[in-house]
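Beneath this line is the structure, given in structure tokens, with notes to follow.
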2 protein chains.
Amino acid sequence: MLSQAEENYLKCIFTLSEKTEKLVNTNSIARALDTSAASVTDMLKRLSKREYIEYRPYKGVKLSEQGDVIARKLIRKHRLWEFFLCEKLGFSWDEVHDIAEQLEHIQSDDLVERLADFLDHPKFDPHGDPIPDKEGRFSVRKQIALVDLPVGKKGIIIGVREHSNDFLKYLNQHRLTIGVTIKVLEYFEYDQSLKIRLGSGTETVISQKVANNIFVKN
Amino acid sequence: MLSQAEENYLKCIFTLSEKTEKLVNTNSIARALDTSAASVTDMLKRLSKREYIEYRPYKGVKLSEQGDVIARKLIRKHRLWEFFLCEKLGFSWDEVHDIAEQLEHIQSDDLVERLADFLDHPKFDPHGDPIPDKEGRFSVRKQIALVDLPVGKKGIIIGVREHSNDFLKYLNQHRLTIGVTIKVLEYFEYDQSLKIRLGSGTETVISQKVANNIFVKN
DNA sequence: AAATATTTTTAAGCTTGTCTAAAAATATTG
DNA sequence: CAATATTTTTAGACAAGCTTAAAAATATTT
């Protein structure tokens, strides 16, 4: 059995290696988990001895097959709970992360599957991130950043790239939530900002930064 | 913030002092938490320093006002989650304890209240134990042990005295679950066993031990 | 009330997970 | 390619929570 700390390391390594494809280095883990590099090295040695990871000192680390399975389960649990919190308990998407971070450590395979049943096996969480199925497989779907949607075209918000609280709150305030239709009205060369119209008819201007962090489908 | 271990101690002291009314002693805590008396003393000193309990060495311990509030919250959370697991996810009452034991440590006041809302503020958990309200107050109701129900009388199962896995499984197997109507048909002086008829029409004989651990209302 | 038994506490030590400071390895740059 | 900078690891220390063994306090018996 893994401790919560150990589970957090595995999940962290999974998400970091998703982005880079290469070995994950000590410092990036330390940064992500807000801890010291020394603590990370310590933990990597322990996880390596128990064969959850493949660790090469000074080089970096990646998950073993065993570790990968565990990480995917954790992500499955996290995102299922997020879905539950939003859909059933009425939380907004910027409130659920910290609670799901705790709930993902609850140990019971039966619970996860019953929860998934209860929720009708959702494929995506409230942020539009895919929920791995029982076997750890992620759904994929065509999505483009809003910033790449041509002027005049319409799209529907289906996810976000950033998950920071500040960004999610910003989106909430501007009613830029999952499922909302957006039409790009104008592109301002000067600062790369976009004028958009929402399904509700509201028009706003959003910065390039924001547009880059929103995923839409046509 | 309290650790899970600290929370477990407070809950344990609460339930033990419920029964005895007097100071709770070290050994009984050790027995209940399946740990050593030395560990308990250790923890009592720490909890005392932080004023969650009133601890008199060699004499015993009781919860402070602060500790009492926390213990009641934990019990509230535990029983709400048990209710959720049975009512919404379809677990049977003998499967939920261990999972609820984990879920009770999730930290979020908002979550508890939303969960209670979602479940329609149940007053009793799947074992018939009262769920404290937001202010920590327990509902009380008239209940008698099945063993005290006179021959010829009917009662409805509303709770259990024992919570062991074995007992709950026994009850499940005999369809002796919450809400079931029971009529006492015969009392056998010899071994104090009871012949009963369930609402479904089934007739069985149950031991005195079992009858003593089932609560009914008339 | 003295002897014995039980309960509780203290002492010393272990693991987990963290920290800081220093040393070692690797990368970058002039 | 040697000097410098960065990254990583090692070393030593600490708190929490547990263990066992021994000492101290309290309870029970005779």
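Just so it is clear: chains get the letters A, B, ... in the order the sequence lines come, proteins before strands, and each one is counted from 1. These values consider heavy atoms only, across backbone and side chains, with no hydrogens, waters or symmetry-generated copies.
Partner of B/Asp94 under the side-chain contact (heavy atoms from CB on, under 4.5 Å) criterion, chosen from B/Asp166, B/Asn172, B/Leu171: B/Asn172.
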Apply salt bridge (charged side-chain N to carboxylate O under 4.0 Å, His left out) to residues B/Glu104 and B/Lys11 and explain how you reach the verdict.
CA-CA 11 Å; B/Glu104 77 191 10; B/Lys11 214 185 90 175; 2.9 Å; yes
As a quick check of understanding, evaluate salt bridge (charged side-chain N to carboxylate O under 4.0 Å, His left out) for B/Glu113 and B/Arg76, giving each step before the final call.
CA-CA 10 Å; B/Glu113 293 325 308; B/Arg76 173 167 166 76; 2.8 Å; yes
Between A/Arg46 and A/Glu6, does a salt bridge (charged side-chain N to carboxylate O under 4.0 Å, His left out) hold up when you go through it step by step?
CA-CA 9 Å; A/Arg46 276 197 296 264; A/Glu6 289 165 337; 5.0 Å; no
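When DNA chain C is scanned 5' to 3' for any atom under 4.0 Å from a heavy atom of chain A, the first and last hits are C/dG17 to C/dT26.
Under the ring pair (Phe, Tyr, Trp, His ring centres under 6.0 Å) criterion, B/His105 pairs with no residue at all, not counting sequence neighbours. Take A/Asp129 and apply the side chain to side chain contact (heavy atoms under 4.5 Å, CB included) test, not counting sequence neighbours, and it matches A/Arg79, A/Asp125, A/His127, A/His163.
Regarding B/Leu47, its CG atom lies at a distance of 15 Å from the C1' atom of D/dA15, rounded to whole Å. We find that CZ of B/Arg46 is positioned 6 Å from C1' of D/dA16, with the value rounded to whole Å.
Looking only at atom types and distance, the side chain of B/Ser108 has no donor-acceptor partner in the side chain of B/Asp110 under 3.5 Å away.
Base pairing analysis places D/dT7 opposite C/dA24; the two distances defining the Watson-Crick or G-U wobble pair are each below 3.5 Å.
Mapping B/Ser28 and A/Lys59 onto DNA chain C by nearest heavy atom places B/Ser28 closer to the 5' end of the strand.
Interface residues of residues 1-14 of chain B facing DNA chain C, ordered by number: none; criterion, heavy-atom separation under 4.0 Å. Of all the residues in residues 35-45 of chain B, B/Ala37, B/Ala38, B/Thr41, B/Lys45 reach under 4.0 Å from DNA chain C with at least one non-hydrogen atom.
Between B/Phe84 and A/Phe84, the ring center distance clears the sub-6.0 Å criterion.
The distance from atom CD1 of A/Ile53 to atom CG of A/Asp68, rounded to the nearest 0.5 Å, is 13.0 Å.
The list of ring-ring contact (aromatic ring centres under 6.0 Å, His included) pairs with a residue in residues 34-78 of chain B, not counting sequence neighbours, reads B/His78-B/His97.
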